[in-house]
2 protein chains.
Amino acid sequence: MRDAGATRRRLLEAATAEFAAHGIAGARVDRIAAAARSNKAQMYGFFGSKDGLFDAVLAEHFELIVDAAPLDGADLPGYAVALYDAYLAHPEVVRLATWSRLERHPVGDLFADGVDHGAPKVAVVAAAQRDGHVDPALDPGDVLSLVVGMATTWSPASILLAAGPDEAAAVHDRRREALAAAVRRAVTTGS
Amino acid sequence: MRDAGATRRRLLEAATAEFAAHGIAGARVDRIAAAARSNKAQMYGFFGSKDGLFDAVLAEHFELIVDAAPLDGADLPGYAVALYDAYLAHPEVVRLATWSRLERHPVGDLFADGVDHGAPKVAVVAAAQRDGHVDPALDPGDVLSLVVGMATTWSPASILLAAGPDEAAAVHDRRREALAAAVRRAVTTGS
DNA sequence: GTGAGGCAACCAACTGGTTGGTAGCCCGAC
DNA sequence: GTCGGGCTACCAACCAGTTGGTTGCCTCAC
């Protein structure tokens, strides 16, 4: 029963759910401690503060946020569809990122910690342009942004319509096809 | 000096800034009352509650959210660019919509009040399909969602990169061109 | 083997400041 | 003089963060 690592993990898990649901300002540390079957004192021992806990949660999901799907420069439509499915399966990841955007980083890169985390992906797109897969007239960074933008069209942070698991499979399939076709035509070359 | 209407307007204005900056949970009613050079008692007299005030703010910006730019079925690329500019000029509108999405309506339509506010715009797209401007194979609702999704690629709610007014004009122009080209190729027909 | 000592994990109860919301009163115009 | 606009002072509930202490596990002398 006495296992600091497991307790820490339970706290992070509970904090993920709480922050994803209510954001930083709306999250309640008591709820997190209770949901994790622990207590606030331990929480503060591990993470220092409410903000520190959010940092830890975000760091844990960092890879899932920026690499929700593997990027293949030769198959950007497939990448977009994979992102659509990832956001559908894990809406909490998108919500966490969006809370961070709204409550922490109103402009610029979401992860503005000195390291340009998008650089490798931009390089992949640039390579795909050299290989004739992607329109070379476009800025590779813009291509990446646009593809992700299209994939987030029905995400839990969308303005118009957020997709949910309750919708018919046919609706999801229709969106996947429209998304793949749109990405293909928008940024890839005929080849 | 004694003008209930003007006071109400000042309160709404202050509330808009406060809610856009901090969301519902993060907003502070004292700050709103102070910023409006009024007081909480009046605020509660007008709007009943913090949530009621947010409702009023959202209702006031409703049109600006859903009709940030006029929709022309024959010029969807122009519509997308106009949206990009609108979001750049009025980030608070996008932020309000996103707070509402995150804190109030996790899935489905953002304005799920029985009325389908998107219907007229979907009809415009459907007409554009009949007129040969837009690919008729796509679902008109999906077309609208995708175009708005592309236009929000660099919005204050984006996951990767949020555009700001401090960026060079050339960067904005490059994005406008990429956006227009992408929309044109993605959903419009050759004609 | 065992039991005393040490220590990390654990926790209920508390604290001081904050927050949404309200009651009661003042003031100026007509 | 009264009525609508305006506002200060107040409150109960809440909330992030702390305290002081308990509990169970490991270890090592004997």
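These values consider heavy atoms only, across backbone and side chains, with no hydrogens, waters or symmetry-generated copies. Numbered from 1 within each chain, the chains take letters A, B, ... in sequence-line order.
In this structure, the nucleotide among C/dG21, D/dG5, D/dT18 sitting nearest to the side chain of B/Y44 is C/dG21.
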Which atom pairs, donor and acceptor, lie under 3.5 Å between side-chain atoms of residues 134-144 of chain A and protein residues at least two apart or in another chain?
{"residue": "A/D135", "atom": "OD1", "partner": "A/A137", "partner atom": "N", "Å": "2.8"}
{"residue": "A/D135", "atom": "OD2", "partner": "B/R185", "partner atom": "NH1", "Å": "3.0"}
{"residue": "A/D135", "atom": "OD2", "partner": "B/R185", "partner atom": "NH2", "Å": "2.7"}
{"residue": "A/D139", "atom": "OD1", "partner": "A/G141", "partner atom": "N", "Å": "2.8"}
{"residue": "A/D139", "atom": "OD1", "partner": "A/D142", "partner atom": "N", "Å": "3.0"}
{"residue": "A/D142", "atom": "OD1", "partner": "B/R174", "partner atom": "NH2", "Å": "3.0"}
{"residue": "A/D142", "atom": "OD2", "partner": "B/R174", "partner atom": "NE", "Å": "2.7"}
{"residue": "A/D142", "atom": "OD2", "partner": "B/R174", "partner atom": "NH2", "Å": "3.4"}

Indicate every side-chain donor-acceptor pair of residues 14-21 of chain A with a distance under 3.5 Å to a residue at least two apart or in another chain.
{"residue": "A/T16", "atom": "OG1", "partner": "A/L12", "partner atom": "O", "Å": "2.8"}
{"residue": "A/E18", "atom": "OE1", "partner": "A/R31", "partner atom": "NE", "Å": "3.2"}
{"residue": "A/E18", "atom": "OE2", "partner": "A/H22", "partner atom": "ND1", "Å": "3.4"}
{"residue": "A/E18", "atom": "OE2", "partner": "A/R28", "partner atom": "N", "Å": "3.0"}
{"residue": "A/E18", "atom": "OE2", "partner": "A/R31", "partner atom": "NE", "Å": "2.7"}
{"residue": "A/E18", "atom": "OE2", "partner": "A/R31", "partner atom": "NH2", "Å": "2.7"}

Under 3.5 Å, side-chain donor or acceptor atoms of residues 70-80 of chain A against the rest of the protein: list the pairs with distances, not counting sequence neighbours.
{"residue": "A/D72", "atom": "OD1", "partner": "A/A74", "partner atom": "N", "Å": "2.9"}
{"residue": "A/D75", "atom": "OD1", "partner": "A/G78", "partner atom": "N", "Å": "2.9"}

Only pairs under 3.5 Å count here: list side-chain donor-acceptor contacts from residues 53-64 of chain B, not counting sequence neighbours, and write none if there are none.
{"residue": "B/D55", "atom": "OD1", "partner": "B/R104", "partner atom": "NH1", "Å": "2.8"}
{"residue": "B/D55", "atom": "OD1", "partner": "B/R104", "partner atom": "NH2", "Å": "3.4"}
{"residue": "B/H61", "atom": "ND1", "partner": "B/V57", "partner atom": "O", "Å": "2.9"}

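Under 4.0 Å is where a charged nitrogen must lie from a carboxylate oxygen, and between A/R8 and A/D3 no such pair does.
In this structure, CZ of A/R10 is placed 11 Å from C1' of C/dC10, rounded to the nearest angstrom. Summarising the geometry, the separation between CZ on A/R8 and C1' on C/dC10 is reported as 17 Å, rounded to the nearest angstrom. Taking atom CG of residue B/L53 and atom C1' of nucleotide C/dG21, one finds them 13 Å apart after rounding to whole Å. For B/H22 and C/dG20, the NE2 to P distance is 12 Å, given to the nearest whole Å. Rounded to whole Å, the distance from CD on B/Q42 to C1' on D/dG4 is 10 Å. Distance, A/F54 CZ to D/dA16 P: 15 Å, rounded to whole Å. Distance CE (A/M43) to P (D/dG17): 8 Å, rounded to an integer number of Å. Taking atom CG of residue A/L11 and atom P of nucleotide C/dA9, one finds them 13 Å apart after rounding to whole Å.
Heavy-atom minimum distance, A/D67 versus A/K121: OD1-NZ, 2.8 Å.
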Q: Report the C-alpha distance between A/Q42 and A/N39 in whole Å, list the side-chain angles of each, state the deciding distance to 0.1 Å, and finish with yes or no for side-chain contact (heavy atoms from CB on, under 4.5 Å).
A: CA-CA 6 Å; A/Q42 283 200 279; A/N39 56 79; 3.6 Å; yes
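A donor-acceptor pair shorter than 3.5 Å can be found between the side chains of B/Y84 and B/R175.
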Listing time: all N or O pairs from protein to nucleotides 26-30 of chain C that are below 3.5 Å?
{"residue": "C/dC27", "atom": "O2", "partner": "B/R2", "partner atom": "NH2", "Å": "3.1"}

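OP1 or OP2 of C/dC10 sits under 4.0 Å from a side-chain N or O of A/T7.
In this structure, A/I24 is not a member of the same hydrophobic cluster as A/V107, with clusters built from ILVMFWY side-chain heavy atoms closer than 4.5 Å.
DNA chain D lies under 4.0 Å from at least one heavy atom of each of the following residues of residues 28-41 of chain A: A/R28, A/V29, A/D30, A/K40, A/A41.
Residue A/A27 is classed as a sugar-phosphate contact, given heavy-atom separations below 4.0 Å to backbone atoms only.
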